[in-house]
Visitor: 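Below you'll find the structure I mean.
Computed from heavy atoms alone, side chains included, the values below leave out hydrogens, waters and symmetry copies.
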Amino acid sequence: MSFSPLTSACSSLGVKSSSLIVQLGFHTAENNKFPGAFVSSPKRTKTKKFSIACSSTDPLLVKAARGDPVSRPPTWMMRQAGRYMAVYRKLAEKHPSFRERSETTDLIVEISLQPWEAFRPDGVIIFSDILTPLPAFGVPFDIEEVRGPVIQSPIRFEDDLKALHPIDLEKLHFVGESLKILRQEVGGHAAVLGFVGAPWTIATYIVEGGTTRTYTTIKSMCHTAPNLLRTLLSHLTKAISEYIIYQVESGAHCIQIFDSWGGQLPPDMWEQWSKPYITEIVSVVRNKCPKTPLVLYINGNGGLLERMKGTGVDVIGLDWTVDMADARKRLGSDISVQGNVDPAYLFSPLSAVTKEIQRVVKCAGPRGHILNLGHGVLVGTPEEAVAHFFDVSKSLNYDGSSQNHSMEESKLLV
């Protein structure tokens, strides 16, 4: 299979500086090219309050996640609330404990809204951590200044499983309360995002006892204690599924699943030790919350794209090492994508940031794309660059005729 048509569509079509007209290429799994265009527009798309049914009043991000027609690519950033913002650093001086900041309703809401108030992104993600739910099902943890997350009693033997119990969502009341407030604060002008860690990624912390660069303990367990590991992953799958449903019922429009360390597994190992559990989560959540888009992000996912699609999620989050054109080729047009500007671009001249946004957007095509970074915002990122990123994204506007053309051709392929 040749990838040249899509690559050509992205690289050869120019940008007119006067009107910012850029031709877009969009492709099906059969490699058919759907041309389109976006033009600059000073207007900001605003939406009304989300409803359970598919509706024209759904937030822009929700529409794009489903692959519905949108006027421009919705935009948010992973880690858009955090240490790069002066207002966050000031708050952190007053509240130095990360656990306090991420487990106190008022602080969660305040921090989550800091980038909303500064940049007006299309998605407002709750300030939390993938390890936040651990104590609610029997795994206490601490966060140390140097070592990061530390689990004093890792699970490595059969007897260790006795500490686990069903998730107690009452212990996560601050998450539910925060999501409800965020939903009220942003109204229909942005999507509220919740998130969780995937079972494999959460298991790496629980088995290794914290962060690791080698993953040797849990990887060896795949061979030395597979039943133990499967039991742990199954327990995590059930707890995470319930946690997602709780977030949706509390107000989250969309959920991102972070399999942050899934990329540390060879593809065949990910197929065995991560994919089935994510697939089960998707199935359970889809049954309870059928209209809630689910995003799957893996750091280092270039070798896993097709396998990620097989989980049944609505959106594949791409890291910055994946070429957007190649990803569209491999994934086809029946699934949305998110990403994937290199976070380091935000340290470059603003003109370079603009060009990279244009390149990524035109390679992604006019349907099913959420503009984001390929990883979280880096510490030290200039706030001016983040503001510019959002300003540029809001200036883009898809040509409506190109989307209609894409829809018509898509119907012919069904």
Side-chain angles (χ1 to χ4, degrees), residues 49-52 58-59 61-62 65-66 76 78-81 99 101-113 115-116 121-137 139 166-188 190-199 201-202 235-260 277-297 311-315 317 338 370 372:
K49 189 174 181 180
F50 174 80
S51 63
I52 275 294
D58 288 345
L61 188 148
V62 173
R66 288 197 304 251
W76 70 284
M78 290 181 280
R79 292 185 189 162
Q80 67 185 14
R99 292 286 298 271
R101 296 194 297 274
S102 61
E103 298 180 15
T104 305
T105 301
D106 291 347
L107 295 178
I108 294 171
V109 171
E110 181 178 355
I111 295 170
S112 301
L113 290 175
W116 165 249
D122 296 299
V124 175
I125 190 166
I126 184 172
F127 182 77
S128 187
D129 192 86
I130 60 172
L131 300 185
T132 294
L134 266 59
F137 54 80
V139 184
I167 190 167
D168 182 356
L169 295 171
E170 284 296 319
K171 293 183 178 179
L172 297 168
H173 64 90
F174 49 86
V175 172
E177 293 165 359
S178 298
L179 287 168
K180 289 174 184 174
I181 296 171
L182 290 173
R183 185 69 178 259
Q184 295 169 352
E185 289 291 327
V186 304
V192 173
L193 289 82
F195 69 92
V196 298
T201 288
I202 298 299
H235 186 93
L236 294 173
T237 298
K238 188 174 188 303
I240 292 167
S241 298
E242 293 181 27
Y243 186 38
I244 290 177
I245 293 168
Y246 173 67
Q247 291 188 46
V248 173
E249 292 177 345
S250 297
H253 291 96
C254 180
I255 299 291
Q256 178 150 314
I257 302 170
F258 285 90
D259 195 9
S260 306
Y277 303 99
I278 296 174
T279 303
E280 175 64 16
I281 289 172
V282 172
S283 176
V284 171
V285 174
R286 190 80 75 220
N287 184 55
K288 290 281 289 184
C289 314
K291 303 302 180 183
T292 301
L294 300 175
V295 183
L296 176 58
Y297 173 82
T311 62
V313 295
D314 303 279
V315 184
Q338 178 176 275
I370 300 169
N372 204 316

Visitor: Does the side chain of Leu294 reach to within under 4.5 Å of the side chain of Arg286, using non-hydrogen atoms?
Guide: yes
Visitor: With rounding to the nearest 0.5 angstrom, report the CD1 to CG distance, Ile255 to Leu193.
Guide: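 Spacing of CD1 (Ile255) from CG (Leu193) equals 7.5 Å.
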Visitor: For residues Ser102 and Ser128, report the shortest heavy-atom separation together with the two atoms involved.
Guide: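 Heavy-atom minimum between the residues: CB-CA, 4.3 Å.
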Visitor: By side-chain contact (heavy atoms from CB on, under 4.5 Å), which residues pair with Ser241, not counting sequence neighbours?
Guide: Thr237, Ile281, Val284
Visitor: Just verifying a value: how many Å separate Leu134 CG and Lys171 NZ, rounded to the nearest 0.5 Å?
Guide: 12.0 Å
Visitor: Applying side-chain contact (heavy atoms from CB on, under 4.5 Å), name anything that partners Asp106, two or more places apart in sequence or on another chain.
Guide: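 Not a single residue meets the side-chain contact (heavy atoms from CB on, under 4.5 Å) criterion with Asp106.
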Visitor: What is the minimum heavy-atom distance between Thr201 and Ser260, and which atoms define it?
Guide: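 Heavy-atom minimum between the residues: OG1-N, 3.0 Å.
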Visitor: Nearest 0.5 Å, please: how far is CD in Gln247 from OG in Ser178?
Guide: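 Here the rounded value is 10.5 Å.
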Visitor: Does the side chain of Ile240 come within less than 4.5 Å of Tyr277's, by heavy atoms?
Guide: no
Visitor: Can you list everything that forms a side-chain contact (heavy atoms from CB on, under 4.5 Å) with Ala65? Sequence neighbours excluded, please.
Guide: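 Ala65 satisfies side-chain contact (heavy atoms from CB on, under 4.5 Å) with Pro293, Val315, Ile370 only.
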Visitor: For residues Ala190 and Pro121, report the shortest heavy-atom separation together with the two atoms involved.
Guide: CB-O, 3.7 Å
Visitor: In the structure I gave you, are the side-chain heavy atoms of Ile245 and Val248 within less than 4.5 Å of one another anywhere?
Guide: no
Visitor: With heavy-atom distances below 4.5 Å as the criterion, would you say the side chains of Phe258 and Met78 are in contact?
Guide: yes
Visitor: Taking NZ, NE, NH1 and NH2 as the nitrogens, is one of them in Asp58 or Arg66 under 4.0 Å from a carboxylate oxygen of the other?
Guide: yes
Visitor: Just how far is it from atom CD1 of Ile257 to atom CG of Leu296, taken to the nearest 0.5 Å?
Guide: 6.0 Å
Visitor: So, do Leu236 and Phe137 sit near enough that their side-chain heavy atoms are less than 4.5 Å apart?
Guide: yes
Visitor: Would you mind reporting whether Val295 and Val313 have side-chain heavy atoms less than 4.5 Å apart?
Guide: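 No, side chains not in contact.
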Visitor: Atom CD1 in Ile125, atom CD in Gln80: separation rounded to 0.5 Å?
Guide: 7.5 Å
Visitor: Can you give me the closest heavy-atom contact between Phe174 and Ile108, atom names plus distance?
Guide: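 Phe174 and Ile108 have their closest heavy atoms at CD1-CD1, 3.8 Å.
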Visitor: Just wondering, do Val124 and Trp76 contact through their side chains at under 4.5 Å, heavy atoms?
Guide: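 No; the side chains remain at least 4.5 Å from each other.
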Visitor: Which atoms form the tightest heavy-atom contact between Val192 and Gly251, and what is the distance?
Guide: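 Smallest heavy-atom distance, with atoms named: CB-O, 4.0 Å.
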Visitor: Tell me which pairs pass salt bridge (charged side-chain N to carboxylate O under 4.0 Å, His left out) where either residue lies in residues 242-258, with sequence neighbours left out.
Guide: Lys238-Glu242
Visitor: Write down the atom of Ile111, the atom of Arg101, and the distance for their closest heavy-atom approach.
Guide: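 For Ile111 versus Arg101, the nearest heavy atoms are CD1-CB, 4.0 Å.
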Visitor: Nearest 0.5 Å, what's the CG-OG1 distance between Asp129 and Thr132?
Guide: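 So the CG of Asp129 and the OG1 of Thr132 are separated by 5.0 Å.
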Visitor: Show your working on side-chain contact (heavy atoms from CB on, under 4.5 Å) between Tyr297 and Gln256 and close with a plain yes or no.
Guide: CA-CA 7 Å; Tyr297 173 82; Gln256 178 150 314; 3.6 Å; yes
Visitor: Taking the side chain as C-beta and beyond, is there a heavy-atom pair between His253 and Leu61 under 4.5 Å?
Guide: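 A side-chain contact is absent here, since even the closest heavy-atom pair is not under 4.5 Å.
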Visitor: Applying ring-ring contact (aromatic ring centres under 6.0 Å, His included), name anything that partners Tyr246, two or more places apart in sequence or on another chain.
Guide: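 Here no residue qualifies.
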Visitor: Does Phe127 have any ring-ring contact (aromatic ring centres under 6.0 Å, His included) partners at least two apart in sequence or in another chain, and if so, which?
Guide: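 Scan of Phe127 (ring-ring contact (aromatic ring centres under 6.0 Å, His included), adjacent residues dropped) gives Tyr88, Phe98.
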